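Just the heavy atoms: all of them, side chains too, but no hydrogens, waters or symmetry mates, feed the values below. Computed from a predicted model, the values in this text were never measured in an experiment.
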Amino acid sequence: MIVFNPLSIPIFISAVVGIGIIIYSRRFKNAPGIKFFRYMMILAVIWAFLYSVEICFTNITGRIIFAVIRFFYLPYISVTLFLFCLEYTGNISWLTSRRLILIFIIPVFATILSITFPFHNFFRYDFEMDLSGTLPVLKYKNGFFFYIYFVYVCLLILLSLFILVKSYRKQKIFFRDTIILSLGILMPFLSDLLCNFGITPYRLYNFTSITFIFTGFLYWQAFKRFQIFTAAPIARNTVFDNIQDLVFVFDISNILVDINYALENTEPVFKKSIGLPVNQLPQKWAEIFQSCLIEVSNSNPFIMEEIIIGSAIYHLTVSKILNNKNHIKGTIFLFHDISKRKEAENALKEAKESAEAASRAKSEFLANMSHEIRTPMNAIIGLSKILLDMNSTEEQKKYLNIINAAGNNLLSIINDILDLSKIEAGKIDIESQSIIISDILNDVQNILYPSIHAKGIEFLCEKTDSFPIINTDPTRLKQIILNLANNAVKFTYQGMVSINVSIENETDTQVTLSFTVKDTGIGIPKEKIEQLFQPFSQVSKVKAGGTGLGLTISKKLVELMGGTISLESEENKGSNFRFVIPFEKGFLSQHEEHIQESSNDRQAIPIDLKILVVEDNIFNQEVIKGFLKKYQVYLSKSGKEAIKILENESFDLVLMDIQMPEMDGITATKIIRDQNSKVLNHNIPIIAMTAYAMKEDRDVCLQFGMNGYITKPIDLNKLTQEIERILSTKLNIETSVEHDENMANQALFAPSNLFNLVNHDKSLALKMIKKFLEDEGCFKYLSRIKKAIDHKEAEKLKEAAHSFKSMIGYFSNSGEELAFELEEMGKKNDFSNVNETYTALTELITKIIPLLKDLVRDLEKKDNDKDTH
C-alpha cells in the first residue's frame, strides 16, 4: 500500500532538477569528461526517483522490492564519477580494458548479492518495518561484503579527489575548477558516510540523492558561469605545459603568477621568480615585458616577428587574459623559438643560391656542348657523305659507310644525353601551337617507313581528320611517339607495329587524347617493367643498341606536358605503351589555313612585298638579298638607322639582326613597339636573326616583341618557313634544285653545306663566295679580330668574332667553331689562348680560299657552257 510521505518531496524535486542538468549538459557534448558526468547524473536521477517511491510504501514487500531495484544503479555512481575525473584531467589513457574490468568487479558482485539477499547474509539481511515513529521506515542489517563494497566506494571517491588535486598542482592557475569539482565529489561522499553511521535529519532517512543533485547543480553553475568544460585540463595541458614555447603569465598588477615546464627547463632562474613584479625580473626580459605591456591592446594581440635574447631568436606573441565578461585578468607572453628555423632558412637560401649558380653553370655547359660536340660531328658525317660520292673503291666505301653510320649513331646519343640534361635542368619548355594530329602521324610514318620496310613487318597508323585541332609542342609530341615507335620496331622481328590515337575526354575547350603504340615483339618480363623508364636501362636480353634514354626522355616529356604514361607487356607476346595527355583546343581559322597549306592552295605573296633587312654584316646582307630577290629588299646597317627608315616608310616585314653597333636589335624592337615613338607601324612583323641558337635567346627575342626567330648561318628553307608562318601565306621563291656532285668533290671544306643552305641556287652561291673573297669580306673581319686581340679589347673581339662566325659558317664548320671560340674568349675576357685560336683560324682560311676560287671558276665555267649551248 502506497501512502504519501512528505519526505519524498525533496527527493523527487532533486530528481527533476537532475533531469534539467542532464538536458543542459548536452550543450557540452564534445567536452572532455562530459559523457561520464552525464552517466553519473542519469544514475543519480534514477536512484532518486526509485527512493522517492520506496519511502511511500507502507508494507515491507514494496519497500524491499524498490530498495533492491534502487541498488541496481547505486554501485555504479562512484565508478562513473571516477571515470569522469580520469577523462577530465586527461588521464583516460591509464584506463586499459583490463583495468576497466577490475573496476567493475566489486560493483557487479555487490549488485548480484543485493538481489540474492534471501539466500545469504553477505550483503543485507533481516529486513523489517519500523513503525515506532511518525512515518514507517525500512530497517536492515549490513553483511560483511557490504563493508567491503563501502570501503571500495570510499577508495574510488578518494582516488577521484587525488586525481583532481594532482591536476591542480600541475596547473595552479586553474584553482577554481579544482575547488568546484572537489566539492561536487565530497558532498555525496560525506552524506553517504553519515547515513551509514546513522547520522541523518530523520530516522534512517538517506539524503545522499539530494546531495548528488547538489553536485549536479554545482557543476551546472560551473558550466554556465565559469565555462569549466570549454577549457578542460586536457586542453590546458597541451597548450600550457606540453608545448615547447616559453610561457609567462602576469596578473592585472603585472606580477608573474605562472610559467610552464618548458620555461622552467630553459630558464631555471624563473622558478623562484613567481610572485615578483615585472620590474624585478632579469633585466633582458624585464625590458621586453615592460615595452610590450604598453603596446598590447585589450582585444588584439601584440606580435613581434623577431626578438633576440642571448643566442636565441624568438617569435613573440602577447595577449590580454579576459574573463567571460571581458574583464582583464592578466597578460600572457608566448616566446616561440625560431632559431633553428632561421638557421634552416639561411642554409636554404645559401643552398638555393648555390643551386642556381650550378644551374647557370649547367646551362652554359649545355650551350657550349651543344655547339662544341654537334659541330665536329656534323663535319664528320658531312665529309663522310662527300667521300662516299667520290670515286672510292669498294673497300673505302665500306669503311666510309661505317664512319657515317657511327657518326649518326653518336650524334643521336649526344642529342639524347643533351635532351635529358636539359629536362633535368628545367631548360626545356613546352611550346604551344595549333596542330593537326594526322600531320604528326604522317611525319612519323614517313620517318619509320625505311626501317619497317627493311624488317618486313606490318605497320598500322591511324589517319583521320575527325580529331579537333590541339595546341601543343609538335616537336616534342612527335619525339615521344617516335621514341616509342622506334623502340617497338627495334624489338619486333615479325608481326606488326601499330599507332593508335583516341579521344579519352572532350569539352568545349579541352580534349584528352590517348596514344597507344603496340607491337608483337619480344615483350618485357613483368618484374622488369618498373626499370624500363629509368635512365640508361635496357631490360631486354636482346641487345639492340641505343643509349637507353629514349623511354626516359619520353616519360619526362609526357609529364612535362601534363600527362601520364604506362606500359603493359608480356614476354614473347609484345608490348603496349600508352600515354594520355590533356590538350587545349586550337582555333578553327588556324585549321583552315593549315589545310590550305597542306594542299598547296595558298596564294603567294605579291611581288611588291617590302622587306627591311637590318644587318651590319655585308656578307649576310647579300645572302638575304639573294634569298629574297623576287621581293623589294631594303638594307640598314644598324638599329638606329632602321628606326629612321621606319619613321618615313612602311614595310611588310623586318628581318632584325640582334647584335649590331650603335643600337642592337632588341633596343630597336622596343622602340618600334613603343606607341609613343615616331615609327609609322608599331605592329610590323619582326623576325630576329642571330648566331645564338639556345632557346633562352629565342625567348628573349619573343619577350621583347619580335614575332619570329631564325639562326645564322641563315638557311633558306627555315627563313621561308618562318616568313610564311608569320605572314600566314606562301612565298613565291624559285630555287634551282640541280646539284652537281662533281663540283662538290673538288672541295674538302664541304661546299654541300653552302648549297643546302641556299637550296642549291648556284648563282646565289657564286655571289656569296665572291663576297666572302672581297676585301670587305673575310679579310675585313680577320683584321678586326686581330686588332682586338693586339689591344686586348674583349668586347670588340666578341663583336668581330660573332659577325665573322655567321659568315664563315656558310663554308666551314671548323671555321665557325674557331670563330665561336674567339667570341667566347671575348665574352669571358680570356686572352690566354687567343693567339693560337686566331692562328688556327687564319690557317684554315688560307686553305679554304684557293678551294673557293677553284669552285668559283667551276661555277662560272658551268654557266658559260650553258650559255654556249
| CA sep, side-chain torsions, deciding dist, call: Q510, E506, side-chain hydrogen bond (donor to acceptor under 3.5 Å, both in side chains) | CA-CA 6 Å; Q510 278 194 331; E506 185 175 8; over 6 Å; no
| note | Note: Q280 and L276 closest approach over all heavy atoms is OE1-CD2, 3.6 Å
| field | E559 side chain reached by T564 side chain, heavy atoms, under 4.5 Å | value | no
| Given S78 and Y152, is the side-chain hydrogen bond (donor to acceptor under 3.5 Å, both in side chains) satisfied, shown in steps? | CA-CA 9 Å; S78 57; Y152 175 74; over 6 Å; no
| How about Q703: does its CD atom have over 12 heavy atoms from other parts shown lying under 6.0 Å from it? | yes
| field | Nearest heavy atoms of L81 and M40, plus distance in Å | value | CD1-SD, 3.5 Å
| message | So L513 and V580, do their side chains get closer than 4.5 Å, heavy atoms only? | response | no
| said: With a 4.5 Å cut-off on side-chain heavy atoms, are C701 and I658 touching? | reply: yes
| task | Output the distance between atom OG (S52) and atom CD1 (I9), rounded to the nearest 0.5 Å. | result | 10.5 Å
| said: Assess whether a salt bridge exists between K35 and E87, defined as any Lys/Arg side-chain N lying under 4.0 Å from an Asp/Glu carboxylate O. | reply: no
| task | For the pair F248 and W285, name the ring-plane relationship: parallel under 30°, tilted 30 to 60°, perpendicular over 60°. | result | tilted
| request: For R673 and H682, indicate whether the former's side chain and the latter's backbone hold a donor-acceptor pair under 3.5 Å. | output: yes
| If you take all heavy atoms of I163 and C85, which pair is closest and at what distance? | CG2-O, 3.8 Å
| task | Could you tell me whether E343 and K340 make a salt bridge, using a distance below 4.0 angstrom between a side-chain N and a carboxylate O? | result | no
Would you tabulate the side-chain donor-acceptor contacts of residues 98-105 under 3.5 Å, counting partners in other chains and residues two or more places apart, or write 'none'?
| residue | atom | partner | partner atom | Å |
| --- | --- | --- | --- | --- |
| R99 | NH1 | W94 | O | 2.6 |

| task | Search all heavy atoms of C292 against all heavy atoms of L316 and return the closest pair with its distance. | result | SG-CD2, 3.6 Å
| query | Is any side-chain heavy atom of K670 less than 4.5 Å from a side-chain heavy atom of D674? | reply | no
| field | Least distance between heavy atoms, T509 atom then E584 atom | value | O-OE1, 3.4 Å
| query | How far does CZ of F289 sit from CG of N254, to the nearest 0.5 angstrom? | reply | 11.0 Å
| field | Separation between NE2 of H315 and CG of D245, rounded to the nearest 0.5 Å | value | 10.0 Å
| task | Compare all side-chain heavy atoms of F250 with those of I255 and state whether any distance is below 4.5 angstrom. | result | no
| task | Let me see the working for V558 and I480 under side-chain contact (heavy atoms from CB on, under 4.5 Å), right down to the final yes or no. | result | CA-CA 8 Å; V558 168; I480 296 167; 3.8 Å; yes
| note | Heavy-atom closest pair (K555 atom, I565 atom, distance to 0.1 Å) is CG-CG2, 3.7 Å
| query | Do S339 and Y314 meet the criterion of a side-chain donor-acceptor pair at a distance under 3.5 Å? | reply | no
| request: Compare all side-chain heavy atoms of F84 with those of T80 and state whether any distance is below 4.5 angstrom. | output: no
| query | Is E345 salt-bridged to K349, going by a charged N under 4.0 Å from an acidic O? | reply | no
| Any idea how Y39 and F36 line up, ring-wise: parallel (<30°), tilted (30 to 60°), or perpendicular (>60°)? | perpendicular
| field | Separation of F583 CZ from T512 OG1 (nearest 0.5 Å) | value | 8.5 Å
| message | Quick check: do I332 and V318 have side-chain heavy atoms less than 4.5 Å from each other? | response | no
| message | I need the H336 NE2 to T317 OG1 distance, nearest 0.5 Å. | response | 9.5 Å
| Heavy-atom side-chain contact between V79 and L156 under 4.5 Å | yes
| query | F270 and L256: side-chain contact (heavy atoms from CB on, under 4.5 Å), yes or no, with the steps? | reply | CA-CA 9 Å; F270 286 104; L256 182 65; 4.1 Å; yes
| message | Does M706 form a side-chain contact (heavy atoms from CB on, under 4.5 Å) with I666? I'd like the steps, not just the answer. | response | CA-CA 9 Å; M706 295 183 175; I666 296 295; 4.3 Å; yes
| message | Show, in sequence, the C-alpha distance, side-chain angles and deciding distance for L334 and L246, and conclude whether the side-chain contact (heavy atoms from CB on, under 4.5 Å) test is met. | response | CA-CA 6 Å; L334 277 81; L246 309 184; over 6 Å; no
| said: Within this structure, what is the CD1-CD1 distance for the pair I42 and I22, rounded to the nearest 0.5 Å? | reply: 5.0 Å
| message | I'd like to know if the side chain of S677 reaches the main chain of I671, judged simply by a donor and an acceptor atom lying under 3.5 Å from each other, with no hydrogens or angles considered. | response | yes
| So, the side chain of K585 versus the backbone of T507: is there a donor-acceptor pair under 3.5 Å, distance only? | yes
